[in-house]
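The first residue of the sequence shown is numbered 1, and numbering continues consecutively from there. Basis for what follows: all heavy atoms, side chains included, without hydrogens, waters or symmetry-related copies.
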Amino acid sequence: MATVLDLADRIGPDRVTTGAVASQIGVTQAALFRHFPTKAALWQAVAEHVAEGLATAWENALSLGDTPIVRLRALISAQFAQIDATPALPMLLFSRELNVTNTELRATFHGRLTTFHGLLATEIRTAQKAGVLRGDIAANDAAVLLTSLVQGVAIRWALGARDFDLRAEGLRLFDAQCRLLAAEGK
């Protein structure tokens, strides 16, 4: 999994071949196909590996705080940490491999992003009920704003030669977004 993600980061997801993966790990392409019968199966294993890492990071993040804002910040921080640890992820989400060629891969990542959105929306609703965040913005809309913040910062980081601290910049902008979403007087 690490080799596929490393190659995807270095040469782009659409240029990763089973031959390149086999060569990089020091086996024949036939040996690789004994474990993964198709390139799609290899990518699906990668997607499941990444999805498991995301799910674990989110679960850990939710256990870090006793207020919805702390949990939201921890979720956002965990997401940035996962992207930083898997630099190919932003480009993979926009790759031909994901969006055209491999519908199962697309479904796996869409499911993870939907889960992340749901976790954010739940914490936002809790913060709204506690009077910490504005109640006049739908929780799902606020979750879209936060998801878009993560995606935007991650793409800027990936395209900008990773010339800034992804997590620090993301959390700085998360804090700004929270100030904009804060209930009056909070």
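Residues Ala121 and Ala143 come closest through the heavy atom pair N-CB, 3.8 Å. Shown here for Pro87 and Trp157, the closest heavy-atom pair between the two residues is CB-CH2, 3.9 Å. Here the shortest heavy-atom pairing between Arg125 and Ala139 reads CG-CB, 3.4 Å. Closest approach of Pro90 and Ala158 over heavy atoms only: CB-CB, 4.1 Å. Here the closest non-hydrogen pair linking Leu32 and Thr18 is CD2-O, 3.4 Å. The shortest non-hydrogen separation linking Leu181 to Ala142 is CD1-CB, 4.2 Å.
The closest donor-acceptor contact from the side chain of Lys39 to the backbone of Val16 lies under 3.5 Å. Ser148 places a side-chain N or O within 3.5 Å of a backbone atom of Val144 that can act as its donor or acceptor partner.
Listed by chain and number, the residues in a salt bridge (Lys or Arg N to Asp or Glu O under 4.0 Å) with Glu169 are Arg156, Arg172 (sequence neighbours excluded). Every residue was checked against the ring pair (Phe, Tyr, Trp, His ring centres under 6.0 Å) condition with Phe174, not counting sequence neighbours, and none meets it.
Clustering ILVMFWY residues whenever any of their side-chain heavy atoms sit less than 4.5 angstrom apart, transitively, puts Ile25 in the very cluster that holds Met1. Transitive grouping of hydrophobic side chains (ILVMFWY, heavy atoms separated by less than 4.5 Å) keeps Leu7 and Phe33 in distinct clusters. In the hydrophobic cluster analysis, where Ile, Leu, Val, Met, Phe, Trp and Tyr join through side-chain heavy atoms closer than 4.5 angstrom, Leu64 is grouped apart from Phe116. When hydrophobic clusters are built by joining Ile, Leu, Val, Met, Phe, Trp and Tyr residues whose side-chain heavy atoms come closer than 4.5 Å, directly or via intermediates, Val132 is grouped together with Ile137. A continuous path of ILVMFWY side-chain contacts below 4.5 Å connects Ile83 to Ile155, so both sit in one hydrophobic cluster.
With rounding to the nearest 0.5 Å, the separation of CH2 in Trp43 from CG in Leu92 is 5.0 Å. From Phe80, atom CZ reaches atom CG of Asp165 across 10.5 Å, with rounding to the nearest 0.5 Å. Rounding to the nearest 0.5 Å places CG of Leu89 at 8.0 Å from CG of Leu5. Note that the OG1 atom of Thr115 and the CG atom of Leu119 stand 6.5 Å from one another [nearest 0.5 Å]. For the atom pair Ser77 OG and Leu72 CG, the distance stands at 12.0 Å (nearest 0.5 Å).
Applying the salt bridge (Lys or Arg N to Asp or Glu O under 4.0 Å) test to pairs two or more places apart or on separate chains, those with a residue in residues 136-155 are Arg134-Asp136. Residue pairs satisfying the side chain to side chain donor-acceptor pair (under 3.5 Å) criterion with at least one member in residues 59-71, sequence neighbours excluded, are listed as follows: Arg71-Glu123. Applying the salt bridge (Lys or Arg N to Asp or Glu O under 4.0 Å) test to residues at least two apart or on different chains, none of the pairs has a partner in residues 20-37.
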Side-chain atoms of residues 44-55: list all donor-acceptor pairs with protein atoms under 3.5 Å, sequence neighbours left out, distances to 0.1 Å.
unit_1: Gln44; atom_1: OE1; unit_2: Leu105; atom_2: N; d: 3.4
unit_1: Gln44; atom_1: NE2; unit_2: Glu48; atom_2: OE2; d: 3.2
unit_1: Gln44; atom_1: NE2; unit_2: Thr108; atom_2: OG1; d: 2.7

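Side-chain contact check for Arg179 versus Asp175: some heavy-atom pair is nearer than 4.5 Å. Leu120 is listed as a side-chain neighbour of Ile76, based on a closest heavy-atom distance under 4.5 Å.
Atom CZ of Arg15 is surrounded by 12 or fewer heavy atoms from other residues, nucleotides or ligands within 6.0 Å.
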Practice task
For side-chain contact (heavy atoms from CB on, under 4.5 Å), just list the numbers for Asp9 and Met91, CA-CA rounded to whole Å, side-chain angles, deciding distance to a tenth of an Å, and then say yes or no.
Solution key: CA-CA 8 Å; Asp9 182 38; Met91 294 303 116; over 6 Å; no
Practice task
Run the numbers on Gln79 and Leu75 for side-chain contact (heavy atoms from CB on, under 4.5 Å), then give the verdict.
Solution key: CA-CA 6 Å; Gln79 189 72 354; Leu75 281 168; over 6 Å; no
Problem - Evaluation steps, side-chain contact (heavy atoms from CB on, under 4.5 Å), between His117 and Asn140 - result: CA-CA 8 Å; His117 175 90; Asn140 280 327; 3.3 Å; yes
Exercise for the section: Please lay out, stage by stage, how Leu133 and Ile69 fare under the test side-chain contact (heavy atoms from CB on, under 4.5 Å). Expected result: CA-CA 9 Å; Leu133 293 181; Ile69 297 300; 3.9 Å; yes
